[in-house]
Amino acid sequence: MAVFLLALSAACCLGLGFVLQQHAAQQAPRSDLLRWRLLLDLMRMPQWLLGTGFMVSGLILSALALNQGEVSLVEPLLATNLIFAMALARVLTRQTLGRSGWAGVALLALGVTAFIVAGRPTGGGPPAGELRHWLVVGTVVGLVVLLVSLARRLPLFEEATLLALAAGLLYGLQDALTRTTTQRLDHEGLAAVLRSWQPYAVVVAGVVGLLLVQSAFEAAPLRMSLPALTAAQPLAGIACAVGFLGDRLRVTPGALAWQSVGLLAIVIGVIVIGRHPAMPGTARDTLESIGAPPEDEPEDEAEDKAGNEAEVGPEGRPDDRATGGSAEDDRPGSTG
């Protein structure tokens, strides 16, 4: 029970922190995208610092949860951070959940339940050797580099999604390495931990992941980045846990089928919630931010139209996909 409470508390803090951070990151200069200067500029914003405080609290709580439970158990619970983000976003935008919002919440909750019940995650398996350890870590890092490289060639909205995917992979790896570090601390002591590479990799993954996710938050509305971040983190964390931590899942045909259904429901639920009109950065919010009166539409009509209307960027510019522009049009130094 303690693991569930710690993981859900961590998810709550992370969800609140992400919304506050994205609201601040949208105000940062576009020239800061994927530059360390972005973090320095954000540190001057009280709202971002508050969001970072929530995020750090979430990371501490998730580390405590990982110390007491398996990564493959904690990661699906952390994915519920999007529900708490939706709750805060609903307060900010004053929109009700509606059918699609409740459907996303139900899918996410049922997916987490199905995966945990079917998989019955347990630890205690023999940890992998160094070669397999490095192979899994190298694969994740290689995917992150590939995603960031591809992101730089895309318009800002698509770039935000790929950057968030890369950050989610790093955060999943960070969670697995955090459990490795806490296990070593419990069994071998602080001196052994300081002599190993895992705690330093945790710090590096956290800092690089922070830069990637803040760049994603700056590049596009939250609904373009948070679903990808939330979906990628548990998938990467579970893969790493099974790959080198010795976590075990039931592998009977029925269990594997329900685990797959659960993971698919988590991903779909995350996407549905993340694209809900209540999430910050929708066209309605952008119109309000530039002083244009939003149209008063019935809730269900607004949801139906959300997928057909042209997206509006953080500064009132049309989405590149709707206008046919390129990513370079929005970058500093572009001649248009």
Side-chain angles (χ1 to χ4, degrees), residues 1-22 51-88 104-105 107-117 119 121 123 140 164-182 202 205-206 209-210 212-213 216 222 225-242 245 247 249 259 262-274:
M1 181 59 71
V3 174
F4 282 87
L5 292 177
L6 287 170
L8 290 176
S9 298
C12 178
C13 291
L14 290 172
L16 299 180
F18 286 147
V19 173
L20 293 172
Q21 285 181 330
Q22 192 273 341
T52 301
F54 275 114
M55 191 187 75
V56 171
S57 299
L59 292 176
I60 293 173
L61 289 169
S62 64
L64 294 174
L66 289 166
N67 188 43
Q68 299 187 34
E70 287 69 42
V71 174
S72 48
L73 170 64
V74 174
E75 287 292 353
L77 294 172
L78 292 179
T80 61
N81 74 76
L82 200 59
I83 296 177
F84 298 101
M86 169 68 82
L88 178 57
V105 170
L107 279 170
L108 184 56
L110 292 175
V112 170
T113 302
F115 180 84
I116 292 175
V117 171
V140 174
L165 277 174
L169 293 179
L170 278 180
Y171 283 154
L173 174 62
Q174 182 189 36
D175 289 340
L177 293 177
T178 297
R179 177 157 175 79
T180 300
T181 301
T182 56
V202 167
L210 182 64
L212 293 178
V213 80
L222 195 66
S225 54
L226 192 55
L229 172 68
T230 306
Q233 182 173 351
L235 297 178
I238 292 169
C240 291
V242 174
L245 281 179
D247 279 19
L249 299 171
Q259 289 169 49
L263 288 176
L264 181 61
I266 290 173
V267 173
I268 295 175
V270 162
I271 294 173
V272 170
I273 294 174

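All residue numbers in this chain count up from 1 along the given sequence.
Between the side chain of Gln174 and the backbone N or O of Val202, at least one donor-acceptor pair lies under 3.5 Å. Remark: the backbone N or O of Leu78 is paired with a side-chain donor or acceptor of Asn81 at under 3.5 angstrom. A side-chain donor-acceptor contact under 3.5 Å links Thr180 to the backbone of Ala176.
What you find for Leu61 and Cys13 is that their closest heavy atoms are CD1-SG, 4.0 Å. A pairwise comparison of heavy atoms in Ala164 and Ala216 identifies N-CB, 4.0 Å as the closest pair. The minimum heavy-atom distance linking Arg179 with Gln68 is given by the pair NH1-N, 4.4 Å. The two residues Leu169 and Ala232 have their closest heavy-atom pair at N-CB, 4.1 Å. The two residues Gly262 and Ala114 come nearest to each other via the heavy atoms CA-CB, 4.1 Å.
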### Message
Determine whether Leu210 and Tyr171 satisfy the following criterion, side chain to side chain contact (heavy atoms under 4.5 Å, CB included), listing intermediate values before the conclusion.
### Response
CA-CA 9 Å; Leu210 182 64; Tyr171 283 154; 4.2 Å; yes

### Query
When you look at Val19 and Phe84, which way does the side chain to side chain contact (heavy atoms under 4.5 Å, CB included) test go after all the steps?
CA-CA 9 Å; Val19 173; Phe84 298 101; over 6 Å; no

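The closest side-chain donor-acceptor pair between Ser225 and Gln22, if any, does not fall under 3.5 angstrom.
Looking at Ser62 and Leu6, their side chains never come closer than 4.5 Å, going by heavy atoms from C-beta outward. Counting only heavy atoms from C-beta outward, the side chains of Leu264 and Gln259 never approach each other to under 4.5 Å. Within the 4.5 Å cutoff, no side-chain heavy atoms of Leu14 are placed close to those of Thr230.
Here the CD atom belonging to Gln233 is positioned 5.0 Å from the CD atom belonging to Glu75, to the nearest 0.5 angstrom. Interatomic distance, Thr52 OG1 to Leu59 CG, rounded to the nearest 0.5 Å: 10.0 Å.
A side-chain contact (heavy atoms from CB on, under 4.5 Å) with Val74 is found for exactly one of Leu64, Thr178, Leu66, namely Leu66.
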